[in-house]
Participant: 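The structure under discussion is supplied below as structure tokens; questions concerning it will follow.
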Amino acid sequence: MKIQNPIIRGFYPDPSVCRANGKYYMVCSSFEYFPGVPLFESDDLVNWHQIGHCLTKASQVDLRQINSSGGVFAPTIRYHEGRFYMVTTNDTYHKNFYVYADDIYGEWSEPIFVEQDGIDPSLFFEDGKAYFMSNGSASDGKGCIFQCEIDIATGKRLTESRQVWQGSGGRYLESPHLYRFGDWYYLMAAEGGTEYGHMITYARGKSPYGPFEGYAQNPVLTNRNLGGHQSHIQGIGHGDLIQDEKGNTYMVCLGFRIQSDWMPYHHLGREVFLASVHWDEKGWFQAGIEGTVMQEMRIDICAKEQEIAGKYDVTFEKMKKESVRWCHLREYRQESYQFTDTGVKLCGNSFTLDDVDAPAFLGIRQSEFDTELEVTLSGEAPEAGITFYLSEDHHYDLAVICKNSQKSLVLRFRIGDAKMVVKEIELPVTQEKTTLKVVSDAAHYTFYGQCGEEQMELGSARTKYLSSEVAGGFTGVVMGMYAVNPQEDKGLLAEFTDLQWKQGI
Ligand code: 6LW
């Protein structure tokens, strides 16, 4: 069938996938956002819906005051003897840990830490043994994959951490996953860095520790040689293999959509792509279309008609049913969010969007370039509004500020060290409600606000200043409703109603 990539759209990087009980489960990295590690379910690998998160309690992951793009890095999900395991790194503290759940819809365990350094940890189970691998540096300073056996009940290392593969020579060897297919063990990894040179490589050997022989045609999957009009999908890498019950093999991986030909910027984050895998008679595999990933691909897969996941309307009514999609910055402070029948009331604290902390922020990922958002804001919060947020240093805010009972409509851009108020308009004292509106395409956000009866265009900003190429980091744009309340006066609330965000219009 023909599928449309990405299969999960918006900021959901570093996918890992497993199969259990006739379904597929996928996890992605989440960095400073809480809850951590979004968890998806699928019947067919093509249509995915989010069912929750793996890290839902502060006791499982400490994200307090971590910089953006710190925190939860690439996770791996595996299913073994009736139990799901999710292993990841809190990069800010350089700690690898896993949590487990017997019921995929239930809560995950407290973290179990493993004393092996590196990022992108992964697990492989065989014959009563649990192998743990992550990336690291060899004694010569070059990247390599380390592996040890652990006691899966306690996380204790049972063997020394051994160097098992040094990759094919690309920089930033990461994302190792070990598999057994037939008589061979396959070690797959990413190289090149999660940028335009990103790629997936692999090697195979006769034992879980190798020695591993690299695939002669590495990289097995990359879009690094496709420029300009050849593909707007770039940065393909960091993948995981999965077999269906018939033994067909597929790969999920990350990639990103650049804005257009010759506009090598991406602001929607790294997203999830699907590619087919084909085996040759010697037991090596190829992936994708001649080793590349395209937006539209014919894949030999038996799936329901694809629902393009990013194309949905976000409304409060819809989000009541899909509340797993909301996210917060670093911490969830329950007292900050009061859901009502028609929307949400936010009680701000003293933190602003510029702080490396936990402002009142209710976010949802932007999943398409073309979007149209409208929301009505009322209440007496000192500052409240919506933000298109990449990091504490890069965000565009459209807000109502209330000072001495005088409300003003404010458009403010934060682009690194440049912080500017682009427009400030006093609102009539009789105006209780303000409609805020943002229209985006691949290149621009345009901001509108209501003053009296009039809806005014306040300004526009390029999307590229919220891209990883400009701002750095590993995240993508999240739209947040937020409030700031310097005196932390609990009576000063911001009420958001009538949210409508059409994506993929
Ligand atoms: C992740 C690494 C990577 O840990 O980016 O794309 C890092 N690959 O494997 C952060 O997502």
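Whatever order the structure lists ligands and atoms in, that order sets their numbers, starting from 1.
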Participant: Do Asp151 and Lys156 sit within salt-bridge range, that is, some charged N less than 4.0 Å from a carboxylate O?
Facilitator: no
Participant: What protein heavy atom sits nearest atom 11 (O) of ligand 1, and how far away is it?
Facilitator: Asp14 OD2, 2.4 Å
Participant: Any side-chain donor-acceptor pair under 3.5 Å between Asn47 and Glu307?
Facilitator: no
Participant: Do the charged groups of Arg83 and Glu81 touch, with an N to O distance under 4.0 Å?
Facilitator: no
Participant: Does the structure place the NZ or CZ of Arg162 under 6.0 Å from the centre of the six-membered ring of Tyr209, at an angle of no more than 45° from the ring's axis?
Facilitator: yes
Participant: Show the atoms of ligand 1 that are less than 4.0 angstrom away from any heavy atom in His238.
Facilitator: 2 (C), 3 (C), 6 (O), 8 (N), 9 (O)
Participant: Tell me the protein heavy atom at minimum distance from atom 1 (C) of ligand 1, and give that distance in Å.
Facilitator: Asp120 OD1, 3.5 Å
Participant: Among all protein non-hydrogen atoms, which one is nearest to atom 5 (O) of ligand 1, and what is the separation to 0.1 Å?
Facilitator: Arg270 NH1, 3.2 Å
Participant: Do the non-hydrogen side-chain atoms of Val37 and Trp108 ever get within less than 4.5 Å of each other?
Facilitator: no
Participant: I'd like to check which ligand 1 atoms, numbered from 1 as shown, lie under 4.0 Å from a non-hydrogen atom of Leu254.
Facilitator: 6 (O)
Participant: Just which atoms of ligand 1 are under 4.0 Å from any heavy atom in Phe31?
Facilitator: 10 (C), 11 (O)
Participant: Check Pro13 against ligand 1 and report side chain, backbone, both or neither, counting heavy atoms closer than 4.0 Å.
Facilitator: neither
Participant: Just to confirm my output: which protein heavy-atom neighbour is closest to atom 3 (C) of ligand 1, and how far is it?
Facilitator: Glu174 OE2, 3.3 Å
Participant: So, Asp43 and Lys23, do they make that salt bridge, N to O below 4.0 Å?
Facilitator: yes
Participant: Quick one: pull up CZ in Arg365 and CD1 in Ile8 and give me the separation to the nearest 0.5 Å.
Facilitator: 10.5 Å
Participant: Which of the numbered atoms in ligand 1 are under 4.0 angstrom from any heavy atom belonging to Ile119?
Facilitator: 4 (O)
